[in-house]
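Keep in mind it's a predicted model, so treat the numbers as computed, not measured.
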Protein chains: 2
Amino acid sequence: MANRSENAPFAYDGLDRVFHEKARLGIVTSLIGHPKGLAFSDLKQLCGLTDGNLSRHIQVLQDAGLVAVHKGYERNRPHTRCELTDLGRKRFADYLAVLEKVVKNAADAAERSEEPDPDKVGWKPA
Amino acid sequence: MANRSENAPFAYDGLDRVFHEKARLGIVTSLIGHPKGLAFSDLKQLCGLTDGNLSRHIQVLQDAGLVAVHKGYERNRPHTRCELTDLGRKRFADYLAVLEKVVKNAADAAERSEEPDPDKVGWKPA
DNA sequence: GCAAATAACTTTACTATACAAAGTACACGT
DNA sequence: ACGTGTACTTTGTATAGTAAAGTTATTTGC
């Protein structure tokens with residue numbers, strides 16, 4: 001069988017560290033809506049990041065093979081364009097699926113505990 | 001006006017660092033379904049964490065005032081019970097709302113980019 | 001009744017990394 | 001030629017997640 005999630009339903013193994021980070025989450029959700037890619041300065045604005053931070057996070061995403069970085073010149077100035085790779089798109093879809101599970105888990109649990117009947121809780125401590 | 005999210009729609013300022021962490025996310029989603037609280041060993045199993053990790057993360061959550069820790073003895077052994085505080089429940093609801101927004105943002109963006117018509121993208125680079 | 005094992009944690013140490021601050025390079029206006 | 005602005009990169013630091021070792025007490029095997 002699979003991993004420990006058999007016994008540990010709240011382990012959330014699938015939450016990829018590379019995506020699971022405020023800044024990078026912003027970058028990737030920005031990119032997913034722009035298949036042609038986005039410029040460094042665009043991302044900076046959209047995600048409210050400083051130059052240094054953005055640079056570093058893009059590097060992490062690039063090293064992981066999740067975004068492709070195209071460096072060139074435009075209007076005689078350096079111009080960096082980033083776009084999601086196919087792998088990035090796929091992996092992010094997986095990540096999102098886990099996120100949705102988290103949200104659903106929480107919603108279900110919160111709902112169940114509205115009716116505080118001790119016999120009705122799904123899981124029983126040993 | 002509010003914060004930078006005016007100009008930075010993908011900043012995700014609301015993603016509280018204390019919750020936004022694999023292990024703690026597991027702990028809290030476990031706890032939210034058990035209003036009476038859970039024992040240390042139960043959490044350990046449910047979240048697939050080592051003793052040391054769990055101890056540390058509980059401490060963080062406790063220091064932030066998000067979970068209450070009751071230490072006592074049961075069957076002549078130390079027995080720690082953790083439960084969400086009201087603050088914790090409220091803050092986590094806020095966090096979840098942002099998470100949902102992330103998921104929705106991504107879903108919308110992915111859908112929009114299915115039709116790769118450059119005139120239809122919502123945001124236009126400067 | 002003593003040693004070894006187990007339970008239930010806590011503390012310490014290491015490692016990774018997010019973020020900020022400073023640095024580099026080039027172009028443009030004046 | 002000189003400062004100003006754009007577009008990044010590099011370096012440094014402080015936080016924090018994780019693993020390993022330590023602590024205390026309580027059963028269990030011999």
Side-chain angles (χ1 to χ4, degrees), chain A residues 3-4 8 10-13 15-28 30 37-64 66-83 125-126, chain B residues 3-4 8 10-28 37-64 66-83 125-126:
Chain A
N3 49 11
R4 61 180 174 175
F10 295 98
Y12 299 137
D13 272 340
L15 280 189
D16 190 338
R17 301 305 292 268
V18 180
F19 289 124
H20 195 64
E21 174 63 44
K22 257 163 80 157
R24 251 124 52 189
L25 213 50
I27 295 172
V28 175
S30 300
L38 284 171
F40 188 93
S41 49
D42 296 336
L43 279 173
K44 190 176 127 186
Q45 276 227 355
L46 285 169
C47 303
L49 290 168
T50 61
D51 292 17
N53 268 341
L54 179 55
S55 180
R56 190 66 180 67
H57 287 303
I58 285 176
Q59 205 174 300
V60 171
L61 288 165
Q62 185 183 18
D63 288 353
L66 304 174
V67 317
V69 179
H70 307 276
K71 284 164 199 279
Y73 273 78
E74 191 146 317
R75 181 75 196 134
N76 271 349
R77 285 179 179 287
H79 188 84
T80 301
R81 186 171 49 87
C82 308
E83 57 183 326
Chain B
N3 49 10
R4 63 181 173 174
F10 295 97
Y12 299 137
D13 272 339
L15 279 189
D16 190 338
R17 302 303 290 269
V18 179
F19 289 124
H20 195 63
E21 175 62 43
K22 257 163 82 155
R24 252 125 50 188
L25 214 50
I27 295 174
V28 175
L38 284 171
F40 188 94
S41 48
D42 298 335
L43 279 172
K44 190 176 128 187
Q45 276 228 354
L46 284 170
C47 305
L49 291 167
T50 62
D51 291 18
N53 268 342
L54 179 55
S55 180
R56 190 67 181 66
H57 287 303
I58 285 176
Q59 204 174 301
V60 171
L61 288 165
Q62 185 182 17
D63 289 353
L66 304 173
V67 316
V69 179
H70 307 274
K71 283 163 200 281
Y73 273 77
E74 193 146 316
R75 183 74 195 132
N76 271 349
R77 283 180 180 287
H79 187 84
T80 301
R81 186 172 50 86
C82 308
E83 58 182 327

Report task. Report yes if the side chains of H20(B) and L25(A) come closer than 4.5 Å at any heavy-atom pair, otherwise no. Result -> yes

Query raised in the report: Given atom NZ of K44(B) and atom P of dT10(C), what is their separation to the nearest angstrom?
Result: 12 Å

**Report entry** Any T80(A) side-chain N or O less than 4.0 Å from OP1/OP2 of dC8(D)
**Finding:** yes

Query raised in the report: Quick one: side-chain contact (heavy atoms from CB on, under 4.5 Å) partners of R17(B), sequence neighbours excluded?
Result: E21(A), K22(A)

Report summary line: Atom CG of L15(A) and atom P of dT18(D) are separated, to the nearest Å, by 11 Å

**Report entry** Between dT10(C) (P) and L43(B) (CG): distance, integer Å
**Finding:** 12 Å

What protein N or O atoms touch nucleotides 25-30 of chain C N or O atoms at under 3.5 angstrom, if any, and at what distances?
none

Query raised in the report: Rounding to a whole Å, what distance do you find between L38(A):CG and dC8(D):P?
Result: 13 Å

Query raised in the report: Once you round it to whole Å, what is the distance between P of dG17(D) and NE2 of H20(A)?
Result: 10 Å

Requested in this report: Any salt bridge (Lys or Arg N to Asp or Glu O under 4.0 Å) involving residues 43-61 of chain B? Give me the pairs, sequence neighbours left out, ordered by first then second residue.
Outcome: K44(B)-D51(B)

Query raised in the report: Given axes from five pairs at either end, by how many degrees does the helix from dG1(C)-dC30(D) to dT30(C)-dA1(D) bend, rounded to 10°?
Result: 10°

Report summary line: Taken in chain and number order and not counting sequence neighbours, the residues that satisfy side-chain contact (heavy atoms from CB on, under 4.5 Å) with T80(A) are F40(A), V69(A), K71(A), C82(A)

Query raised in the report: Atom CD1 of I27(B) and atom CD1 of I58(B): how far apart are they, to the nearest 0.5 Å?
Result: 5.5 Å

Query - Spacing of K71(B) atom NZ relative to dT10(C) atom C1', expressed in whole Å - result: 8 Å

Under 3.5 Å, which N/O atoms of the protein pair with N/O atoms of nucleotides 15-22 of chain C?
from    : atom 1 : to     : atom 2 : distance (Å)
dA18(C) : OP1    : R24(A) : NH2    : 3.4
dA18(C) : OP2    : R24(A) : NH1    : 2.3
dC19(C) : OP1    : R17(B) : NH1    : 2.8
dC19(C) : OP2    : H57(A) : NE2    : 3.3
dA20(C) : OP2    : N53(A) : ND2    : 3.0

Requested in this report: Output yes when at least one side-chain N/O atom of S55(B) is less than 4.0 Å from OP1 or OP2 of dT10(C), else no.
Outcome: yes

**Report entry** Separation of atom CD1 in I27(B) from atom P in dG17(D), rounded to whole Å
**Finding:** 10 Å

Query raised in the report: Under the side chain to side chain donor-acceptor pair (under 3.5 Å) test, which residues partner E83(B), sequence neighbours left out?
Result: H70(B), R81(B)

Requested in this report: Indicate the atoms forming the closest heavy-atom contact of C47(B) with A8(A), along with that distance.
Outcome: C-CB, 3.9 Å

**Report entry** Rounded distance in Å - CD (Q62(A)) to P (dC8(D))
**Finding:** 13 Å

**Report entry** For V18(A), all residues meeting side-chain contact (heavy atoms from CB on, under 4.5 Å), sequence neighbours excluded
**Finding:** D16(A), R24(A), V60(A), L61(A), A64(A), L66(A)

